[in-house]
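Here is the structure we will look at.
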Protein chains: 2
Amino acid sequence: MPARVDHEERRRQIAEALLRIADAQGLQSASMRAVATEAGVSLRLVQYYFTTKEELLLDALARLGGQLESRMKRWIRAAGSPPTPRSIVTALLSCMVPTDQESRRIVRTYSAYYALVLDAPEVLEKHGTTPPILLEAFVAERIRTAQQAGEADAARDPEIAAAGLLAMVNGLGSSVLGGQRDGDSALAILTHHLDELFNPR
Amino acid sequence: MPARVDHEERRRQIAEALLRIADAQGLQSASMRAVATEAGVSLRLVQYYFTTKEELLLDALARLGGQLESRMKRWIRAAGSPPTPRSIVTALLSCMVPTDQESRRIVRTYSAYYALVLDAPEVLEKHGTTPPILLEAFVAERIRTAQQAGEADAARDPEIAAAGLLAMVNGLGSSVLGGQRDGDSALAILTHHLDELFNPR
DNA sequence: ATGTATATGATACATCTGTATCATGGCAGT
DNA sequence: ACTGCCATGATACAGATGTATCATATACAT
């Protein structure tokens, strides 16, 4: 039945199968064969659309980034209109705490990739998106704006506060996924710190 | 040449070989054979002293925990005498930021284990030590003490502040290992937040 | 002195992994 | 209607991995 086929669609189908496996059983279990089976295609096809496994992993990672980005936009949009610096930062950070199924999935999969990259730093070079630093600058900028409006503690350094918050979100995610804390309490901890930052006393 | 041999010593030798490999090339590369070679023994011996790989992994993890604990004690001791709540908390958290070779090693190896546990949560049950929660309570208690002495912001909830700091340290470690930041700037971010907590205004 | 438990070596096995090769059915352009 | 390229299938290959088996030399208890 080989008619001309939509390559992008096929790649999407396969890469998402990879992400599904990574979520359910870990990246380690995402072998070419497992991905093929999960995607309902033959091993050959996985090889056909992604010549090498590294290519597949990187493509799936980019898609994961896209999913996180669209989640963040969705949360920011839902945070209120008109958006305030505080609501934006709150939404941005809160949506990265594993409280619902989607965030758990995203955070868990990112963690798996993180571990992978730790021992193959060269792979990271080929990955276009570099979100963390951009995110930090973005958050810092909102904090600065809030400070100028008298809506945030003016004594804080915006860059440092932003970096600290991002790191905290990251760490909270780890503890939730590690089972040491549930998502709600992690969110409460984050919210508490946001209240402190955004409540000028 | 088989004389009666010190089992504990042999186990230590092998487990530490595992940790060395995990540090240098990642836990993934720590196969039984690789560990045997690194430890300078035969594959059979690794099997002899640790029947199964899981047993080896858990034993090495316990030793890693011991190394972290002794590092923490060392740092706390070096933090000044007599120790103040602030110096204790500062030392405890600072020594987990990957600034020197030992902390990088420890944090990196813990990260590798973390990824491993994400997909095999049942393994975690067999692991005796559960440091993170205890650490949190310990830090919270020092904060409370400092508050009572007027040496810390009394408006903060000690438990929440402690949890936030621990998460931040964790997240900072990840970003350093991920190459997005160097150890010194991570430490600066942590220190800044500690200053805020411990400087009643 | 002898036998038995201990410590170690050599090697085999089954499985999984990523990748490569060979083959073939069908559509498109001419 | 033929030809060549696109999409896909079946299968092979080489290497790694965890674990198991068989053998054996030594040291100690008796």
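Naming: A, B, ... by sequence-line order, numbering from 1 per chain. These values consider heavy atoms only, across backbone and side chains, with no hydrogens, waters or symmetry-generated copies.
- Distance CZ (A/Arg11) to P (D/dA7): 13 Å, rounded to an integer number of Å.
- The CG atom of A/Asp6 sits 16 Å away from the P atom of D/dC6 (whole-angstrom rounding).
- B/Ser42 has a side-chain polar atom (N or O) that falls below the 4.0 Å cut-off from OP1 or OP2 of C/dG9.
- Between B/Tyr48 and the phosphate of C/dA7, there is a side-chain N or O to OP1/OP2 separation shorter than 4.0 Å.
- Remark: the backbone N or O of B/Thr99 is paired with a side-chain donor or acceptor of B/Ser103 at under 3.5 angstrom.
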Legend entry - nucleotides 16-23 of chain C: protein proximity per nucleotide (B base, S sugar-phosphate only, - neither; heavy atom, under 4.0 Å): -BBBBB--
Legend entry - Verdict with reasoning, B/Tyr49 to B/Val41, per side-chain contact (heavy atoms from CB on, under 4.5 Å): CA-CA 11 Å; B/Tyr49 290 100; B/Val41 301; over 6 Å; no
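- Taking a cutoff of 4.0 Å between a charged side-chain nitrogen and a carboxylate oxygen, B/Arg86 and B/Glu151 do not qualify as a salt bridge.
- In this model, the phosphate group of C/dT8 is approached by a side-chain N or O of B/Tyr49 to a distance below 4.0 Å at OP1 or OP2.
- Distances shorter than 4.0 Å separate none of the side-chain N or O atoms of A/His7 from OP1 or OP2 on D/dC6.
- A/Gln13 and A/Arg10 are linked by a side-chain donor-acceptor pair at a separation below 3.5 angstrom, with hydrogens and angles left out of the test.
- Partners of A/Glu102 under the salt bridge (charged side-chain N to carboxylate O under 4.0 Å, His left out) rule, at least two apart in sequence or in another chain, are A/Arg71, A/Arg74.
- Here C/dT6 presents its P atom at 15 Å from CG of B/Leu45, a figure rounded to the nearest Å.
- Of all heavy-atom pairs spanning B/Arg144 and B/Pro158, the tightest one is NH1-CG, 4.0 Å.
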